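This is a predicted model, so every value here is computed, not measured. Chain identifiers are assigned alphabetically (A, B, ...) following the order of the sequence lines, protein sequences preceding nucleic acid strands; residue numbering begins at 1 within each chain.
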There are 2 protein chains.
Amino acid sequence: MTIAEKTGNHREPRRVTAAMVAAHAGVSTATVSLVANGKSSGRVSAKNEQRVREAIRELGYVVDSIGSSLAKGVSSLVVLVAPDISNPFFAKVIAGVRSVLASDYQLMLSVTDAGVSPSASETRKILGLRPAGLLVHAPSQEFLEEIGGNLPMVVLDAPGISAKFPAVNMDVAQGARDVVAHFAAQGHTRAAYLDAITGTETLAVRREAFLQAAGDFGIEVLPSSVASSMIDVTAASAAFSEHWPSWKKAGVTALGCATDNHAFGVLHAARTLQIRIPQQLAVAGFDDLPYSATSNPAITSVQLNAQEGGRLAALKLRSLLEGKSPEPLQSMLPSSLVVRGSTVIDGDH
Amino acid sequence: MTIAEKTGNHREPRRVTAAMVAAHAGVSTATVSLVANGKSSGRVSAKNEQRVREAIRELGYVVDSIGSSLAKGVSSLVVLVAPDISNPFFAKVIAGVRSVLASDYQLMLSVTDAGVSPSASETRKILGLRPAGLLVHAPSQEFLEEIGGNLPMVVLDAPGISAKFPAVNMDVAQGARDVVAHFAAQGHTRAAYLDAITGTETLAVRREAFLQAAGDFGIEVLPSSVASSMIDVTAASAAFSEHWPSWKKAGVTALGCATDNHAFGVLHAARTLQIRIPQQLAVAGFDDLPYSATSNPAITSVQLNAQEGGRLAALKLRSLLEGKSPEPLQSMLPSSLVVRGSTVIDGDH
DNA sequence: CTGTTAGCGCTTTCAG
DNA sequence: CTGAAAGCGCTAACAG
C-alpha cells in the first residue's frame, strides 16, 4: 500500500490498548502495565512476562502517553524552551541534550518567535503538557517567574540566575573582556556596541561586561554608541547602517556585537557603505558560528561550547528527575576568543 | 518571592481542576467544560456563563491538556518534524508555520540528529502524544511509511511524494537546472557535485536534476565526481578536501553543492588548499542562507522561500484539521538563482 | 505473584 | 438550559 492510497482517510485506526494486550496474553492490565514499563522484575512471573511481551509485539502495542501521563500525573516529556532556534549555535546545544536524554525521555522543542521567551499563555500551555522537566535556554526573567520553582528545570545560559538554581552558564563576561582587551591591544580608543533586543540575561551580561571592560581598558563607549536590533542579519544590518554615520563622527573604530548574527549584518552593511573591515572598523561577535570562519572577512568571535553546555544541562536535569540533586548545581563553561580577519588584518582566516 | 526561594521544592502545586471551578461557580463540571471550550453559545445561560468565567479567572483555571486529550482522543498539539534544525533556513519555515497555527494549536518541534528523520520508535513516541496533526519537513520515505495516512499531515519539501498527498514543495529541480545553465554560460565543461548523506527526497531531486541538466548542457560529471557528506560545514570541508585532488585531475572547474552549508565547508577547505574561488573552482549551493551573502566569497545559491513554504503548509494542515480538503492540495514554490562571487568574479557581493 | 479497583481531569451523551 | 454519569487508557494501591 502506497502512501497515496492511504491519503485522505484519516479514520481512527483502532488503537491497541493495554486491555487488548491483556486479553491476548490472558493476564490483567496491571500485569501488562508492569511489563510495558519495565517494572516487572520480581513482580511478574517469567512465564507471564514472556506472554505479555509476545502479545505486545504481535499487536504492536505502544503505551499511550496520554493515558499514562494522566494516571501518573506527569509525562515523560522534556521540553526544551529556546528563544532563538534560528541561531545555528543552538543546534549544538540540542545535540548535547539529546546525547544524554534521548533514550529515556521524549525531547520536544517549544518554539517561539525569534529572540523571545514564551509568553505567559504559551508557558501555561507548555505546563499543561505536564512535562517531566524543562530545559530552558537563555530565558527572560519573566519567564522564570512564570514557571516558578514547581517543576524540575535546568537553565542554560542565564548568568543572572540565583546560585541555588541548577544551571549551566557560559563565561560570556570573560569573553566580553577578552574582546575589549583585544581591541585595546590593537590600539582602539573608541568603540561601539551593537546589542540584541531581547530580555535575555546572557545578552545583558555581554553588554555590561563589555562596557565595564571598556572603562577598565580606557576605551570610550559613548551612550549613543550603543545600539540594538533583533537577532537577525537583516535587522542588524539596518541598525548598523542607521547608526554608523554618528559613530563614525564620534571616532568609533571598533564594534562589539552581541552575537555573530549581528556581526554578519554589520559585514553586510559595511559592503554597501564601503566601510573597510577591519582597517576602518574592527568587528567582533559572540557564538563563533560555523559560518563565522568563512565569511568575508572571517569574524573574530567569542567561542562558546554549546554542545557541552547542552550535555551538562541535560545531565543535571536527569539527576533532578531521578530525585537527586545535581552535582555541582551550577557549571560555568569557559569561553575563548577566536581572533580572525574582522579585527586584525593578518587574522586567522 | 524570588526564584531562588522556590528552588528545590518541586511540590506539586495543587492543580486547579474543572471540579473546583464548578464548585466555585455553583454549576456542574459539564458547564465549566462548555464555557472553557467556547462551546457555550446557546447551551449555557448568560448568568451561568458569567459565573463560570469569573470563577475561572479567580482560580486561574487552565484546561488540562492531558485530561482533555484523553477524553477527546486527540490533543491540540501540532508536531513539526524536522530533520535539520541546524539549518538556519529552517527557522524561517517555523516562522511561517507559527504565523498561521500559533493561536489555536500548540506547536512543538520534534528534533532528531542532524539530517535524519525520526526513527521508528521515535515516530511512535510522537504518535503517542496524539497530535492533532503533523507537519513534516523533508521526510525520508521510511518515515512516511511509518506514519501511514492515519493522521492529518502535510509534508514540506518532499518532491518525491504522491500528488494525492497534501504537500508544499520548492522547485529545487528548476534551481538545479539554473545552476547548471549558469555554469554552462560561464564556459564550464566539467563539474562535480557535493551531495548530502541523508534519505531526504529534496536532496535526491537536487542531485538528479543537476546531473540531468549537466547532460543537457554538455557538462560532464563523472561518477567519481559525485561525493557526499553530512550537512555540516566541517564534514563538508573534509569531504571536499579528500576529493579535490582527483577532481582537479579530472579537470573539474565547477561544483554544485546540495546545501549552502556544504558550500561553506568547501569555501573553508579551499582556503587551506589555496584554491581560488571562483577562478579555479566555481561553487554554488542551495538555500541561500542569510550568511551566504556575506561569506568570502559570497555564495551563489538557489533561493527558496522558506517562510512562505511554512505558511502554506500550515494553512493546508489547518484545512485538514477543520475537516476540509486543502485547496490546492499541493503547492510548488518557485526558486531563483542568486548569482554571487563564488561563481563569477564580478558577482553580486 | 496477580487481578480488582479506584481514580487521573476532562468531554460528551442523555435524561431531566 | 443543566447536571449526572459514563468513559478515554493507564497506573498504583490493595487485597488475594
Side-chain angles (χ1 to χ4, degrees), chain A residues 12-52 55-56 59-77 124-125 127-132, chain B residues 12-52 55-56 59-77 124-125 127-132:
Chain A
E12 194 61 29
R14 46 242 144 285
R15 190 173 287 285
V16 180
T17 70
M20 295 165 68
V21 176
H24 199 84
V27 299
S28 74
T29 61
T31 306
V32 172
S33 176
L34 253 14
V35 174
N37 289 295
K39 296 180 180 170
S40 53
S41 128
R43 327 243 257 110
V44 176
S45 67
K47 192 192 69 183
N48 271 352
E49 178 166 348
Q50 186 55 32
R51 279 189 177 176
V52 172
I56 287 181
L59 272 45
Y61 172 70
V62 186
V63 176
D64 183 86
S65 79
I66 299 285
S68 169
S69 301
L70 186 56
K72 288 203 285 214
V74 56
S75 71
S76 68
L77 210 59
R124 263 191 300 258
K125 281 189 193 165
L127 261 27
L129 293 173
R130 308 222 203 159
Chain B
E12 195 60 30
R14 47 244 145 283
R15 191 173 285 285
V16 180
T17 72
M20 294 163 68
V21 176
H24 200 84
V27 299
S28 73
T29 61
T31 306
V32 172
S33 176
L34 254 14
V35 174
N37 289 294
K39 296 180 180 170
S40 53
S41 127
R43 328 241 257 109
V44 176
S45 68
K47 194 191 67 182
N48 271 351
E49 177 167 349
Q50 185 55 30
R51 278 189 179 177
V52 172
I56 287 180
L59 270 45
Y61 171 70
V62 186
V63 177
D64 182 86
S65 81
I66 299 284
S68 170
S69 301
L70 186 55
K72 288 205 284 217
V74 55
S75 71
S76 67
L77 209 58
R124 265 193 299 260
K125 280 191 196 165
L127 261 26
L129 292 174
R130 305 220 204 160

Expected list for residues 38-47 of chain B: side-chain donor-acceptor pairs under 3.5 angstrom, two or more places apart:
{"unit_1": "B:Ser40", "atom_1": "OG", "unit_2": "B:Glu49", "atom_2": "OE1", "d": "3.3"}
{"unit_1": "B:Ser40", "atom_1": "OG", "unit_2": "B:Glu49", "atom_2": "OE2", "d": "3.4"}
{"unit_1": "B:Ser45", "atom_1": "OG", "unit_2": "B:Asn48", "atom_2": "N", "d": "3.2"}

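Contacts of B:Ser69 classified as side chain to side chain donor-acceptor pair (under 3.5 Å), with partners at least two apart in sequence or in another chain: none. The side chain to side chain contact (heavy atoms under 4.5 Å, CB included) check on B:Leu129 picks up A:Ser65, A:Leu77, A:Gln106, A:Met108, B:Leu77, B:Pro131, with sequence neighbours excluded.
Between the CZ atom of A:Arg124 and the OH atom of B:Tyr61 there is a distance of 13.0 Å, given to the nearest 0.5 Å. The CD1 atom of B:Ile56 sits 11.0 Å away from atom NE2 of B:His24, with the distance rounded to the nearest 0.5 Å. From A:Asn37, atom CG reaches atom CG of A:Leu34 across 8.0 Å, with rounding to the nearest 0.5 Å.
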field: side-chain contact (heavy atoms from CB on, under 4.5 Å) assessment of B:Val62 paired with B:Val16
entry: CA-CA 7 Å; B:Val62 186; B:Val16 180; over 6 Å; no

message: Show, in sequence, the C-alpha distance, side-chain angles and deciding distance for B:Leu70 and B:Ile66, and conclude whether the side-chain contact (heavy atoms from CB on, under 4.5 Å) test is met.
response: CA-CA 6 Å; B:Leu70 186 55; B:Ile66 299 284; 5.6 Å; no

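Contacts with DNA chain C (heavy atom under 4.0 Å) in residues 44-52 of chain B: none are found.
Nearest heavy-atom pair, B:Ala22 versus B:Ser28, reported as atom, atom and distance to 0.1 Å: CB-C, 3.7 Å. Contact detail for A:Ala36 and A:Val63: the closest heavy-atom pair is CB-CG2, 3.7 Å.
Here D:dG9 presents its C1' atom at 6 Å from CG of A:Asp64, a figure rounded to the nearest Å. Residue A:Ile56 contributes atom CD1, which lies 13 Å from atom C1' of D:dC10 at whole-angstrom precision. Remark: P of C:dG7 and CG of A:Leu70 are 14 Å apart, rounded to the nearest angstrom. Straight-line distance from the CZ atom of B:Arg130 to the C1' atom of D:dG9: 7 Å, rounded to whole Å.
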Anything under 3.5 Å between a protein N or O and an N or O of nucleotides 11-15 of chain D, put it in a table, one pair a line.
{"unit_1": "D:dT11", "atom_1": "OP1", "unit_2": "A:Asn37", "atom_2": "OD1", "d": "3.3"}
{"unit_1": "D:dT11", "atom_1": "OP1", "unit_2": "A:Asn37", "atom_2": "ND2", "d": "2.9"}
{"unit_1": "D:dT11", "atom_1": "OP2", "unit_2": "A:Ser33", "atom_2": "OG", "d": "2.6"}
{"unit_1": "D:dT11", "atom_1": "OP2", "unit_2": "A:Asn37", "atom_2": "ND2", "d": "3.4"}
{"unit_1": "D:dT11", "atom_1": "O5'", "unit_2": "A:Ser33", "atom_2": "OG", "d": "3.4"}
{"unit_1": "D:dA12", "atom_1": "OP2", "unit_2": "A:Lys39", "atom_2": "NZ", "d": "3.4"}

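Comparing the helix axis at one end of the helix from C:dC1-D:dG16 to C:dG16-D:dC1 with that at the other, each defined from 5 consecutive pairs, gives an inter-axis angle of 40° (nearest 10°).
Here the options are B:Val32, B:Val35, B:Val27, the test is side chain to side chain contact (heavy atoms under 4.5 Å, CB included), and the partner is B:Val21; only B:Val32 passes.
At the phosphate of D:dC1, neither OP1 nor OP2 sits under 4.0 Å from any side-chain N or O atom of B:Thr31.
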